[in-house]
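This report refers to the structure that appears directly beneath it.
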Amino acid sequence: MLMTKSQDRTSENDRHFVLVIGGGQSGLATGYYLKQAGIPYLILEKNDRVGDTWRNRYSSLTLFTPRSLSMLPGLTPVGNRDSYPTRDEFADYLERYASTHRLSIKTSTTLNRLRLNAAGQFEADLSTGERLRATSVVVTTGAFRPCPCLNSFQARRISNN
């Protein structure tokens, strides 16, 4: 889900900053493409390490898709492409992905509050006490992990269609 107030498509990239909420697969892929486009961004991840959401699931978990269908853009997973990675293998892959691409991630951090200021920027109050300003916010917390601090926003969905 992308939330954006600015409709100015001609602005320079350096006047934009994107806040990505959630450091799982979607958040990492979003960060990868923002970095490729030269757009400043920061990914917020609530866990201590990238991939911990997977590490904290039950120990016998394996993905139901093979490695060849579970990879993110720009990094092939280690192992047989037709086999199914375990939770720890996939968690390690996500951590390696973030490291390999040197993605901008702030771990052990949650979003406490998000509001739109008078200048049309998003102001994000973080659990660390910091306040960030962003022109766009991308929510990648997943369908089953809603972000309650976003309840007051109507978001504009972006799709490939």
Side-chain angles (χ1 to χ4, degrees), residues 1-4 13-14 16-114 122 124-128 130 132 134-151 153-161:
M1 172 188 329
L2 171 70
M3 296 188 302
T4 183
N13 279 348
D14 63 3
H16 293 285
F17 175 74
V18 178
L19 182 63
V20 180
I21 304 168
Q25 300 95 292
S26 296
L28 296 177
T30 299
Y32 172 84
Y33 283 116
L34 288 168
K35 185 172 184 175
Q36 296 297 312
I39 299 171
Y41 69 94
L42 177 65
I43 300 168
L44 299 181
E45 169 55 38
K46 69 178 179 178
N47 292 301
D48 294 338
R49 292 170 57 197
V50 171
D52 275 355
T53 297
W54 285 93
R55 286 183 192 92
N56 294 331
R57 295 182 181 185
Y58 59 95
S59 60
S60 62
L61 176 68
T62 60
L63 271 65
F64 58 86
T65 53
R67 283 178 177 81
S68 61
L69 299 176
S70 302
M71 68 178 98
L72 298 178
L75 185 66
T76 303
V78 175
N80 182 335
R81 59 179 275 112
D82 296 323
S83 66
Y84 300 84
T86 66
R87 71 160 194 192
D88 292 333
E89 289 171 335
F90 194 66
D92 291 345
Y93 168 72
L94 294 177
E95 193 168 42
R96 189 170 56 257
Y97 185 88
S99 175
T100 298
H101 295 298
R102 298 180 182 194
L103 299 179
S104 180
I105 301 174
K106 188 168 188 63
T107 57
S108 304
T109 305
T110 57
L111 177 66
N112 290 341
R113 180 175 178 241
L114 186 70
F122 291 98
D125 293 335
L126 309 183
S127 59
T128 59
E130 297 167 276
L132 301 178
T135 51
S136 297
V137 176
V138 181
V139 181
T140 63
T141 56
F144 304 111
R145 300 190 194 288
C147 192
C149 57
L150 301 177
N151 290 342
F153 285 95
Q154 277 192 303
R156 182 171 60 100
R157 279 192 181 259
I158 305 296
S159 71
N160 292 333
N161 298 335

Problem - Verdict with reasoning, Leu94 to Arg49, per side-chain contact (heavy atoms from CB on, under 4.5 Å) - result: CA-CA 10 Å; Leu94 294 177; Arg49 292 170 57 197; over 6 Å; no

Pair up each side-chain donor or acceptor in residues 21-28 with any protein partner under 3.5 Å, not counting sequence neighbours, and list the distances.
residue: Gln25; atom: OE1; partner: Trp54; partner atom: NE1; Å: 3.4

Practice task
Give every residue pair that meets the salt bridge (charged side-chain N to carboxylate O under 4.0 Å, His left out) criterion with at least one member in residues 18-28, sequence neighbours excluded.
Solution key: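 Sorted pair list comes back empty.
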
Can you list everything that forms a side-chain hydrogen bond (donor to acceptor under 3.5 Å, both in side chains) with [X]? Sequence neighbours excluded, please.
{"X": "Ser99", "answer": "none"}
{"X": "Ser108", "answer": "Asp48"}
{"X": "Thr100", "answer": "none"}

Exercise for the section: Tell me, with the steps shown, if Tyr97 and Val50 meet side-chain contact (heavy atoms from CB on, under 4.5 Å). Expected result: CA-CA 9 Å; Tyr97 185 88; Val50 171; over 6 Å; no

Problem - salt bridge (Lys or Arg N to Asp or Glu O under 4.0 Å) partners for Asp125, two or more places apart - result: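 Partners of Asp125 under the salt bridge (Lys or Arg N to Asp or Glu O under 4.0 Å) test: Arg113, Arg131.
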
Problem - Contacts of type salt bridge (Lys or Arg N to Asp or Glu O under 4.0 Å), residue Lys35, not counting sequence neighbours - result: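 Partners of Lys35 under the salt bridge (Lys or Arg N to Asp or Glu O under 4.0 Å) test: none.
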
Solution key, residues 80-87 side-chain donor-acceptor pairs under 3.5 Å, sequence neighbours excluded:
residue: Asn80; atom: OD1; partner: Asp82; partner atom: N; Å: 2.7
residue: Ser83; atom: OG; partner: Arg67; partner atom: NH1; Å: 2.3
residue: Ser83; atom: OG; partner: Asn80; partner atom: O; Å: 2.9
residue: Thr86; atom: OG1; partner: Glu89; partner atom: N; Å: 3.2
residue: Arg87; atom: NH1; partner: Arg55; partner atom: O; Å: 3.0
residue: Arg87; atom: NH1; partner: Arg57; partner atom: O; Å: 2.3

Problem - Under the ring pair (Phe, Tyr, Trp, His ring centres under 6.0 Å) test, residues paired with Tyr41 that sit two or more places apart - result: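 For Tyr41 there are no ring pair (Phe, Tyr, Trp, His ring centres under 6.0 Å) partners, ignoring immediate neighbours.
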
Handout entry: With sequence neighbours excluded, residues passing side-chain contact (heavy atoms from CB on, under 4.5 Å) with Ser127
Key =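 Thr109, Thr110, Asn112.
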
Problem - Sequence-distant partners of Tyr58, side-chain contact (heavy atoms from CB on, under 4.5 Å), two or more places apart - result: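 side-chain contact (heavy atoms from CB on, under 4.5 Å) check on Tyr58 returns Ser60, Leu61.
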
Handout entry: Where Met71 and Leu75 come nearest, the two heavy atoms and their spacing
Key =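 For Met71 versus Leu75, the nearest heavy atoms are CB-O, 3.8 Å.
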
Handout entry: Audit row: Phe17, Leu42, side-chain contact (heavy atoms from CB on, under 4.5 Å) steps and yes/no
Key = CA-CA 8 Å; Phe17 175 74; Leu42 177 65; 3.7 Å; yes

